[in-house]
Amino acid sequence: MGNTVTCCVSPDASPKLSRARGGGAAPGPDRWADAYQAAAAAAGGGSGPAEAESGDSDPGGGGGPHLQHISDREFPDDLALESNPSDHPRASTIFLSKSQTDVREKRKSNHINHVSPGQLTKKYSSCSTIFIDDSTVSQPNLRSTIKCVTLAIFYHIKNRDSDRSLDIFDEKSHPLTREEVPDDYYKHDPDHKHIYRFVRTLFSAAQLTAECAIVTLVYLERLLTYAEIDICPSNWKRIVLGAILLASKVWDDQAVWNVDYCQILKDITVEDMNEMERHFLELLQFNINVPASVYAKYYFDLRSLADDNNLSFLLEPLSKERAQKLEAISRLCEDKYKDLSKAAMRRSFSADNLVGIRRSNAILS
């Protein structure tokens, strides 16, 4: 990257929108992390003479600076839990904590006003029927996931601490359309439907996946934490667009080029997209790694957010075909981790622990 984004400055052609989407497995984020790390070094991050003199040069004799990989970074436990919730699985997500204020007030109001919950529409499993939705941590439902992610963004904006922002994300300074931005654009919070339509349009046009939406939320919260800014009416569109741009490149083998977004948002320029991407990466300190544990945490917290706001996932009776598919996936996972399980069982046990050891099969997907 550095001073030129070579992967996306050419507006002549794009491989994404002109061919059918492939169904391959998602790539690991380390590939993009290495590329962005190299770009950071080329831009001058960590290659100054002070670091060379301090002994950080390449031990292999290449003369280049040693740039620590993102996955090798270590954070103090206190800082990890309090300051970087998007990096550590034990830290609470910001969006869920911001939504709890409204959830408590809604429950308190219903209790005071004796509001009846009405007829229960949620389906519950019984001995004869098992209800299950089609969203899992490995294959989330696209429509439901986007609704949950945009609801999380809505609570970020509504319950923000202040209006700290940066010029690169300000819609007045860098408009996304040719329409004149109102003078009071920073005063009116967008509603959930408005945010959903904006994100849904990008995901539909660029053919992005539900997993990409979850990674988008991770990057958004990481940006707010690292840069110490707030997402507010004046900057939410550009922050969300920047997070989607990075998430699509990290998650998808057939990444959406910046010029593709210029075809979706007709009035934005490639130069503006490139500049925003560079600033976004610098503010993230080129940390685009998303551990599986962090991804899973965000997925389940989004489901909790959906339950708190009566945004239920569509439940259907478990069919024979669906059960066979889940069982097949379970067998694959069982074979994959068989060696790890055997290694764990070879460890020494006391006589007390030998009694009652059980191993049961679980359905995973």
Side-chain angles (χ1 to χ4, degrees), residues 81-82 84-125 130-161 189-200 203 210-225 230-233 236 239-240 243 247 290 293-316 365:
L81 294 177
E82 296 177 5
N84 300 300
S86 63
D87 290 324
H88 303 274
R90 291 179 297 166
S92 301
T93 53
I94 303 175
F95 71 86
L96 193 61
S97 61
K98 286 185 177 294
S99 68
Q100 293 306 305
T101 302
D102 287 34
V103 172
R104 286 192 295 265
E105 290 179 356
K106 186 185 300 182
R107 291 174 179 172
K108 182 178 179 180
S109 176
N110 291 341
H111 176 73
I112 294 176
N113 298 323
H114 304 284
V115 176
S116 173
Q119 184 178 1
L120 296 178
T121 58
K122 186 175 181 180
K123 300 177 181 179
Y124 293 91
S125 300
I130 297 177
F131 290 99
I132 188 172
D133 60 62
D134 62 346
S135 181
T136 62
V137 67
S138 60
Q139 296 178 342
N141 178 275
L142 177 61
R143 184 171 179 270
S144 300
T145 302
I146 293 179
K147 278 192 172 182
C148 293
V149 169
T150 52
L151 186 61
I153 297 173
F154 167 77
Y155 279 119
H156 263 291
I157 299 173
K158 181 181 179 182
N159 298 325
R160 63 188 182 276
D161 297 327
D189 293 351
D191 57 18
H192 178 218
K193 291 183 179 180
H194 186 192
I195 302 173
Y196 174 77
R197 285 194 298 268
F198 177 78
V199 175
R200 178 66 180 177
F203 270 72
E211 297 92 335
C212 184
I214 297 175
V215 176
T216 294
L217 185 59
V218 175
Y219 289 159
L220 187 147
E221 293 206 342
R222 187 172 293 174
L223 174 74
L224 302 183
T225 303
D230 301 282
I231 183 168
C232 51
W236 73 269
I239 288 180
V240 171
V290 180
S293 54
V294 171
Y295 171 89
K297 175 187 68 174
Y298 272 79
Y299 170 80
F300 288 110
D301 279 3
L302 285 171
R303 294 201 62 129
S304 299
L305 181 69
D307 291 338
D308 291 340
N309 290 270
N310 298 321
L311 187 64
S312 59
F313 288 70
L314 182 62
L315 296 175
E316 295 180 353
S365 62

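Both backbone and side-chain heavy atoms feed into the values below; hydrogens, waters and symmetry mates do not.
In terms of the salt bridge (charged side-chain N to carboxylate O under 4.0 Å, His left out) criterion, D301 has no residue partners (sequence neighbours excluded). For D189, the salt bridge (charged side-chain N to carboxylate O under 4.0 Å, His left out) partners at least two apart in sequence or on another chain are R160. A search for side-chain contact (heavy atoms from CB on, under 4.5 Å) contacts involving T216 returns F203, C212, A243, I244, A247, not counting sequence neighbours. With sequence neighbours excluded, the residues forming a ring pair (Phe, Tyr, Trp, His ring centres under 6.0 Å) with F198 are W236, listed by chain and number. A search for salt bridge (charged side-chain N to carboxylate O under 4.0 Å, His left out) contacts involving K98 returns D161, not counting sequence neighbours.
The nearest pair of heavy atoms linking I231 to L224 is N-CD2, 3.8 Å. The shortest non-hydrogen separation linking I157 to P190 is CD1-CG, 3.8 Å. When every heavy atom of K147 is checked against every heavy atom of H192, the shortest pair comes out as O-NE2, 3.1 Å. Between S86 and V218, the shortest heavy-atom contact is CB-O, 3.7 Å. The shortest non-hydrogen separation linking V294 to P89 is CG2-N, 3.9 Å. Closest of all the heavy-atom pairs between S304 and L96 is CB-CD1, 4.4 Å.
Here I94 contributes atom CD1 and S99 contributes atom OG; the two are 12.0 Å apart, rounded to the nearest 0.5 Å. For the atom pair CD of E221 and CG of L223, the computed distance is 11.0 Å after rounding to the nearest 0.5 Å. In this structure, L217 CG and I146 CD1 are separated by 12.5 Å, a value rounded to the nearest 0.5 Å. Distance check, rounded to the nearest 0.5 Å: CG of L151 to CG of L311 gives 6.5 Å. To the nearest 0.5 Å, atoms CZ (F154) and CG (N159) are separated by 8.0 Å. Within the model, atoms OH of Y155 and CG of N309 stand 3.5 Å from one another, a figure rounded to the nearest 0.5 Å.
Legend: salt bridge (charged side-chain N to carboxylate O under 4.0 Å, His left out) pairs involving residues 190-200, not counting sequence neighbours: none detected.
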> Could you go step by step and tell me if V149 and V199 meet the side-chain contact (heavy atoms from CB on, under 4.5 Å) rule?
Replying inline: CA-CA 9 Å; V149 169; V199 175; 5.8 Å; no
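Side-chain contact between T93 and L302 is absent, with no heavy atoms from C-beta onward closer than 4.5 Å. Side-chain atoms of Y298 and F95, non-hydrogen and from C-beta on, do get closer than 4.5 Å to each other.
Counting only distance, with no hydrogens or angles, the side chain of Y295 and the backbone of S138 share no donor-acceptor pair below 3.5 Å.
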